[in-house]
Number of protein chains: 2
Amino acid sequence: MPRMAKYQGPGLTELRRGVVEYCVMSLLSTEEMYGFQLVETLASHDGLVTSEGTMYPLLGRLNDAGLVNTNWKQEGSNRPRKYYSLTSAGVAALDAFRNDWARFRDTVDKVLSASGE
Amino acid sequence: MPRMAKYQGPGLTELRRGVVEYCVMSLLSTEEMYGFQLVETLASHDGLVTSEGTMYPLLGRLNDAGLVNTNWKQEGSNRPRKYYSLTSAGVAALDAFRNDWARFRDTVDKVLSASGE
DNA sequence: CATGATACCTTGTCTGACAAGGTTTGACTC
DNA sequence: GAGTCAAACCTTGTCAGACAAGGTATCATG
């Protein structure tokens with residue numbers, strides 16, 4: 001298996017924009033996780049991220065924005081992993097987004113249902 | 001009012017990507033409309049499009065892809081308007097997207113609800 | 001004819017997803 | 001210990017699409 005990807009069609013890439021980042025934050029809100037783990041979780045489980053080339057820059061942005069913290073951890077004889085956790089600013093941003101998402105989702109649902117109101 | 005826009009926050013722009021195009025198609029599935037009208041409808045009514053700079057290129061793409069047809073119409077003494085209507089390929093694409101959207105929406109809802117699955 | 005509204009369109013910028021590639025570390029061979 | 005593999009990190013470059021800003025043509029009204 002060469003860098004599997006579960007390709008979901010061409011248009012779906014654009015759909016993910018602006019959402020993946022908050023999905024990551026949502027995962028981090030329950031437990032700290034490391035990058036590779038986030039890719040595997042979102043990609044295989046939800047089809048929301050297809051590569052590390054998406055994840056690492058994204059995590060860098062979140063970090064620059066002060067929405068996550070990082071710390072390296074070595075468990076047993078594994079190679080060290082860089083764990084990410086949500087800051088309080090991250091929690092706030094996530095909350096705000098949940099509202100935005102709900103409104104956006106409902107609007108799109110309404111328009112796609114198409115029955116000209 | 002200078003080219004009103006109902007700004008919705010910074011992150012929301014990215015959310016719209018890949019969706020607006022199908023919202024337009026959905027509107028066109030019930031009645032033919034012209035570009036300016038689509039902007040007004042989506043912008044003021046739903047906050048989904050904020051400018052003509054989004055709409056006209058978008059309509060051009062749909063046309064190039066064979067998803068819509070156009071015809072100029074002059075009504076009364078108005079300046080002529082370019083009306084768009086869905087082709088059968090457009091109807092099919094819209095149907096396909098409705099499925100994609102439903103899956104995507106549910107996935108995001110699930111991840112954002114965050115309670116570890 | 002000047003203004004303003006309607007209506008069309010184009011150019012250029014920016015962001016974020018992704019493919020492709022590269023590096024390091026440790027485990028497990030041979 | 002040299003080779004290989006996988007886990008895990010990261011970077012570079014490409015592309016699409018939303019948008020701001022600006023431009024054009026037409027008609028009505030002052």
Side-chain angles (χ1 to χ4, degrees), chain A residues 1-24 33-43 47-65 70-84 104, chain B residues 1-24 33-43 47-65 70-84 104:
Chain A
M1 230 187 310
R3 199 115 348 142
M4 80 92 188
K6 191 195 244 188
Y7 186 59
Q8 287 214 326
L12 285 255
T13 286
E14 298 303 323
L15 267 195
R16 293 187 256 268
R17 298 191 70 154
V19 172
V20 178
E21 138 184 33
Y22 293 98
C23 288
V24 167
M33 296 173 75
Y34 57 97
F36 204 81
Q37 182 185 16
L38 284 162
V39 174
E40 284 181 328
T41 303
L42 284 179
L48 272 174
V49 168
T50 58
S51 86
E52 303 162 56
T54 299
M55 186 57 68
Y56 290 111
L58 188 162
L59 290 170
R61 269 178 270 136
L62 293 181
N63 194 45
D64 291 348
T70 67
N71 68 314
W72 287 93
K73 259 194 211 169
Q74 172 133 25
E75 293 137 280
S77 61
N78 287 325
R79 78 164 285 189
R81 293 161 171 171
K82 195 176 184 179
Y83 278 86
Y84 292 82
F104 175 77
Chain B
M1 226 185 316
R3 204 149 285 182
M4 80 92 187
K6 191 195 244 187
Y7 186 59
Q8 288 214 323
L12 285 255
T13 285
E14 297 303 324
L15 266 195
R16 293 188 256 268
R17 297 189 69 152
V19 173
V20 178
E21 137 184 32
Y22 292 99
C23 288
V24 167
M33 296 174 76
Y34 58 96
F36 203 80
Q37 182 185 16
L38 284 162
V39 174
E40 285 181 327
T41 303
L42 285 179
L48 272 174
V49 169
T50 57
S51 84
E52 303 161 57
T54 299
M55 184 59 67
Y56 290 112
L58 188 162
L59 290 169
R61 270 178 269 136
L62 293 181
N63 194 44
D64 290 348
T70 67
N71 68 315
W72 286 94
K73 259 194 212 170
Q74 173 134 25
E75 293 138 278
S77 61
N78 288 325
R79 74 164 285 188
R81 294 161 170 171
K82 196 175 183 180
Y83 278 87
Y84 291 82
F104 175 76

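Just so it is clear, the structure is predicted and the values come from calculations on it, not from any experiment. The sequence lines fix the lettering, A, B, ..., with proteins before strands; numbering per chain opens at 1.
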(request) Just do the side-chain contact (heavy atoms from CB on, under 4.5 Å) check on B:F36 and B:Y56 with the steps written out, would you? (result) CA-CA 9 Å; B:F36 203 80; B:Y56 290 112; 4.0 Å; yes

(request) Answer yes or no: is there a donor N or O on one side and an acceptor on the other, between the side chain of B:R16 and the main chain of A:F104, under 3.5 Å? (result) no

Roughly, in whole Å, what's the span from [atom1] in [X] to [atom2] in [N]?
| X | N | atom1 | atom2 | answer |
| --- | --- | --- | --- | --- |
| B:N78 | D:dT26 | CG | C1' | 10 Å |
| B:R79 | D:dT24 | CZ | P | 14 Å |
| A:D64 | D:dC10 | CG | P | 12 Å |
| A:Y22 | C:dA17 | OH | P | 11 Å |
| B:L58 | D:dA20 | CG | C1' | 16 Å |
| B:E75 | D:dC27 | CD | C1' | 15 Å |
| A:R81 | C:dT24 | CZ | P | 20 Å |
| A:M55 | D:dC9 | CE | P | 10 Å |

Can you tell me if [X] touches the phosphate of [N], counting only side-chain N or O atoms and a distance under 4.0 Å to OP1 or OP2?
| X | N | result |
| --- | --- | --- |
| A:R61 | C:dA17 | yes |
| A:Y34 | D:dA8 | yes |
| B:R16 | D:dC19 | yes |

(request) For A:R17 and for A:F36, find the nucleotide of DNA chain D with the closest heavy atom, then tell me which residue's nucleotide is more 5'. (result) A:F36

(message) Nearest 0.5 angstrom please: B:R81 CZ to B:M33 CE, how far?
(response) 11.0 Å

(request) With the side chain of B:E52 defined as its heavy atoms from C-beta on, choose the nearest nucleotide among C:dC9, D:dA18, C:dT25. (result) C:dC9

(request) Quick one: label B:G60 by what it contacts on the DNA or RNA (base, sugar-phosphate, nothing), any heavy atom closer than 4.0 Å. (result) nothing

(request) For B:G35, answer base if it contacts any base atom (sugar-phosphate contacts may also be present), sugar-phosphate if it contacts only those atoms, and nothing otherwise; contact means non-hydrogen atoms under 4.0 Å. (result) sugar-phosphate

(request) Can you see which heavy atom on B:M55 is nearest to which on B:V39, and at what distance? (result) CB-CG2, 3.4 Å

